[in-house]
Protein chains: 2
Amino acid sequence: MTNDTRTDSVPTAAGEADTAQAPVAMAGTLEPEAAQLDPILTAALHHIALHGYHATSVRMIAREVGVTVPALYYHYENKQAMLVALLDSSVALAISYVERALAAAGTDPVSRLQALVKAVALYSAHHRDLAILDSERRSLTEENLARYAAHRDSIESRLHEIVEDGVAQGLFATPAARNCVRAILSMTQGITGWFRPDGPRTAEETARDYERIALAAVEYRDL
Amino acid sequence: MTNDTRTDSVPTAAGEADTAQAPVAMAGTLEPEAAQLDPILTAALHHIALHGYHATSVRMIAREVGVTVPALYYHYENKQAMLVALLDSSVALAISYVERALAAAGTDPVSRLQALVKAVALYSAHHRDLAILDSERRSLTEENLARYAAHRDSIESRLHEIVEDGVAQGLFATPAARNCVRAILSMTQGITGWFRPDGPRTAEETARDYERIALAAVEYRDL
DNA sequence: ATGAGATTATCGATCGCTAAGTCAGTAGTA
DNA sequence: TACTACTGACTTAGCGATCGATAATCTCAT
């Protein structure tokens, strides 16, 4: 009972004292909205992102929350339901980044490609734990995986449209659009693997690098 | 105690007819050398690549090999030692791909970049199971991880040298060499996530796409 | 008095791992 | 050739710990 697949987002103020939004011309501001996770999911995310789903026991989660194990099962049907809820939140947040960026990006394939790459890069850097969860999708049951994959693929579809558009308009010269899309998404999600918030460069600087690399990858000639 | 952390000499003489060993180092030819894994590691690889280290029990491995659990412990000190042996094999094979390709590539940064990307791409496509193991490195103990990371980083260092070289010679125009290197490696390793040997395109065709994308990414102007 | 939300206590299954025994093959000795 | 000793490669049996999950009960605020 009481399982909920919806993403409950309580719109409290995102108390993140982060660096100011990048004043990039014509690109909409992307505010990292705080992922509103209940204490159980927060603890689950912490452990799963660090050690993986199968290496995380419900007892670890309960201990971190400060409750006993059955309290977890009052809110979630089983352990898998917690992973599902986390992946739902994760993909929802990623898509909200992308939608918001594209909505502010106009119709030019160049600025749309930049916007999408910036969105995924900032999401990957600002929400590393959630973004890393993507690698835990193989622990989903078949139907849960199918649902997740559908949402996830929507981002790839958006990117594919943009690249095809750019090729059709003669802006991008890549002869391998499909693999270009895969490459761009792989490399941008790869940011989760090395980016550290206390590292030498900010997420915004990193995102700008990746925007340029992505434009170069599709062989945009006027860089 | 039969402990032995180094290259395990375990029954390898499984009479399996595999591809002929042809250590030919012709320019542009990368012979995928068969990964020589004993039956235990073969079974372990199969399960771990599919479901992950922590989701794989020693009983599953034993069952697939056709022996009992203690037989596994006669050859490997513990479960972790099997993962270590697999990751050792994996990184050794990857490096052998890269070394062989670079040895045949001359000194031109363009052809060296192509060679390295081709090597990693073909490794990722031809040995998906081994390549996917990279994501299991977080299940290593601290010192095992350090050893693995050192080997793994050597490939990144090689690529970084090549890119810096190309920039110094005015061949590559990228203003973000470090992130370019990360992006190229991420995207190329990402091939393991979608490539299927029975898919519409061969590993070699895919590798050629990625060579071009990588050259474009470092902003090589004469594509 | 009721129900949301937590607790105590415990279930059977499975986990990684090991002590001790079996047994075929090989080397050494006469 | 025949007997002995030894070793490598396994098996049977089972250890203690932990796993995900549940039944029954308790505690309050409404």
Side-chain angles (χ1 to χ4, degrees), chain A residues 1-4 6 8 10 37-48 50-87 136 138-145, chain B residues 1-15 37-48 50-87 136 138-145:
Chain A
M1 313 289 271
T2 74
N3 88 342
D4 63 335
R6 70 188 172 84
D8 46 341
V10 184
L37 300 176
D38 63 52
I40 292 176
L41 290 187
T42 302
L45 173 60
H46 180 238
H47 274 102
I48 294 177
L50 213 58
H51 304 110
Y53 176 74
H54 286 289
T56 300
S57 74
V58 293
R59 284 167 178 79
M60 296 177 187
I61 300 172
R63 192 179 311 125
E64 179 158 325
V65 176
V67 296
T68 58
V69 169
L72 267 48
Y73 284 88
Y74 179 81
H75 295 280
Y76 294 91
E77 193 183 3
N78 49 35
K79 187 185 170 188
Q80 167 97 185
M82 302 180 206
L83 179 60
V84 169
L86 280 175
L87 283 171
E136 300 295 332
R138 68 173 165 190
S139 297
L140 291 173
T141 63
E142 205 160 343
E143 63 261 24
N144 285 335
L145 175 59
Chain B
M1 282 299 188
T2 75
N3 97 342
D4 129 340
T5 47
R6 281 313 315 168
T7 50
D8 308 274
S9 54
V10 192
T12 68
L37 299 177
D38 65 57
I40 293 175
L41 290 187
T42 302
L45 173 60
H46 180 237
H47 274 102
I48 295 177
L50 213 59
H51 303 111
Y53 177 73
H54 286 289
T56 301
S57 73
V58 293
R59 283 167 178 80
M60 296 176 187
I61 300 172
R63 193 178 311 126
E64 180 159 324
V65 175
V67 296
T68 58
V69 169
L72 268 46
Y73 285 89
Y74 178 80
H75 295 284
Y76 294 92
E77 193 183 4
N78 48 36
K79 186 186 171 187
Q80 167 98 185
M82 302 180 205
L83 179 60
V84 169
L86 281 175
L87 283 172
E136 300 295 333
R138 68 172 164 189
S139 297
L140 290 173
T141 62
E142 204 160 343
E143 64 261 23
N144 285 335
L145 174 59

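Please read all numbers here as calculations on a predicted model, not as lab measurements. Chain A is the first sequence line, chain B the second, and so forth, proteins listed ahead of strands; every chain is numbered from 1.
- Nearest-nucleotide positions on DNA chain C place A:Arg59 closer to the 5' end than the other of B:Gln80 and A:Arg59.
- In the set D:dA21, D:dT12, C:dA9, the nucleotide with an atom closest to the side chain of B:Pro70 is D:dT12.
- Side-chain atoms of A:Ala71 lie closest to C:dT7 of the nucleotides D:dT11, D:dG20, C:dT7.
- Using a 4.0 Å heavy-atom distance criterion, B:Thr68 is classed as a base contact.
- B:His54 has its NE2 atom 12 Å from the P atom of D:dG20, to the nearest Å.
- Heavy atoms of B:Val67 sit under 4.0 angstrom from primed sugar atoms or phosphate atoms, though from no base atom.
- Counting to the nearest Å, the P atom of D:dC15 and the OH atom of B:Tyr73 are 17 Å from each other.
- The number of heavy-atom neighbours closer than 6.0 Å to CD of B:Glu142, taken from other residues, nucleotides and ligands shown, is 12 or below.
- With D:dA21, C:dC15, D:dC19 as the choices, the nucleotide that has an atom nearest any side-chain atom of A:Met60 turns out to be D:dC19.
- As a whole-Å value, the separation of B:His75 NE2 from D:dT7 C1' is 14 Å.
- With C:dC15, C:dG5, C:dT7 as the choices, the nucleotide that has an atom nearest any side-chain atom of A:Tyr74 turns out to be C:dG5.
- The CD1 atom of B:Ile40 sits 11 Å away from the P atom of D:dA9 (whole-angstrom rounding).
- Not one N or O on the side chain of B:Tyr53 forms a donor-acceptor pair closer than 3.5 Å with the backbone of B:Arg138.
- Within 6.0 Å of atom NE2 in B:His51, 12 or fewer heavy atoms from other residues, nucleotides or ligands are found, so the atom counts as exposed in its surroundings.
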